[in-house]
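A short worksheet on the structure shown next.
Just so you know, ligand 1 is whichever comes first in the structure, and atom 1 is the first atom listed for that ligand.
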Amino acid sequence: MSKIQNIGVLTSGGDAPGMNAAIRAVVRGSLYYKLKVTGILRGYDGLINADFMPMDGKSVANIIQRGGTILKTARCDDFRTVEGRAKAYQNLVDNGIDALVVIGGDGTFTGADIFSQEYDFPIIGLPGTIDNDLEGTDLTIGYDTAINTVVNAVDKIRDTAESHDRLFIVEVMGRDSGLIALRSGIGVGAEAILIPEAKTTVSDLVYRIEHGRKDKASKIIVVAEGDEAGGAYNVGETLKKKFPHHDIRVSVLGHIQRGGKPSCMDRVLASRLGVAAVEGLLEGKSKVMVGQINKEIVFTPFAKAIKHIDAAQITPGWLRLAEILSL
Ligand code: F6P
């Protein structure tokens, strides 16, 4: 029999579409097992400041379709300190919370890992980030929605590019990871994709433009924000100097990629993982992230989950595909 009676749930780091569906699943999953649930506001900030609210079935009604997070989120510096984590632990004890579900990305799990080592406190993580850069799950909650947002936006840009015979450089999110750029780049038929994990240089781009098919009316180059070329504006400046007669424009998609209604895939993934997190805690699991690999539920230690996906293995295949398809 598990001793857990009251599960705290929080969202932390950058918001991602599907976080609300995940909160709903954690709450309803806990109620199903007759547990109490406490919502913690603004991630680890709320843990340190005891910003708690009891949650019931109704408190998560009508949120599965909403973007953002009803619990709000933050990137919390205080939780990086020993004092901050001590306050957080005391607040959990004082409020009778005996386990945590944290929904976020690598920063969230790094904090959770340190905290659960220090206090031997049961914690399970749910992968909520648009970046899809965690080990231990095929997809993170929010990634599917984000790449569809990018595809919808770039399809519109393509209309203008095609009508004006323009080259567009489109910057997508991904400070440390090019996975949004890779998949959305394939999805929009990009002529080239620049990502931090691959050393495609602007000179490679120039070569491709010079030697590419001459009858192309439009060209789209997708750049991940973390690419070493320094973002879409820098790439644009270099290309404008090299090709003064080309009509070149830059578009930075920014935070539209984090918002909006979650896709059905993200809602279903969040729902499944949310209930699995509660069941994992009841089975005594801790210090792990719950993910889905090949349709199966998998628990991966935080320390392994936060190691970024081995991009060296996956990117050459995707980039080769993009190159073949852009001929
Ligand atoms: O981690 C998600 C993410 O959207 C990254 O892709 C991006 O680099 C970062 O968050 C932006 O963070 P902020 O909203 O704090 O500027």
Q. Sequence neighbours excluded, which residues qualify as ring pair (Phe, Tyr, Trp, His ring centres under 6.0 Å) partners of Tyr89?
A.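 Tyr89: ring pair (Phe, Tyr, Trp, His ring centres under 6.0 Å) contacts with Tyr119.
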Q | Tyr143: partners by ring pair (Phe, Tyr, Trp, His ring centres under 6.0 Å), with sequence neighbours left out | A |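 If we apply the ring pair (Phe, Tyr, Trp, His ring centres under 6.0 Å) test to Tyr143, skipping adjacent residues, there are no hits.
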Q) Is it true that the NZ or CZ of Lys287 lies under 6.0 Å from the centre of Phe302's six-membered ring and within 45 degrees of the ring axis? A)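 Pair Lys287/Phe302 does not count as cation-pi.
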Q | side-chain hydrogen bond (donor to acceptor under 3.5 Å, both in side chains) partners of Asn6, counting only residues at least two apart | A |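 By the side-chain hydrogen bond (donor to acceptor under 3.5 Å, both in side chains) rule, Asn6 matches Thr38.
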Q. Considering only heavy atoms, which protein residues lie less than 4.0 Å from any atom of ligand 1?
A.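 Correct list: Arg75, Ile130, Asp131, Met173, Gly174, Arg175, Glu225, His255, Arg258.
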Q: For residues Phe52 and Asn91, report the shortest heavy-atom separation together with the two atoms involved.
A: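 For Phe52 and Asn91, the tightest heavy-atom pair comes out as CE1-O, 3.7 Å.
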Q: Run the salt-bridge test on Asp77 and Arg80 with the 4.0 Å N-O cut-off and return the result as yes or no.
A: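 Counted as a salt bridge, because a side-chain N and a carboxylate O are separated by less than 4.0 Å.
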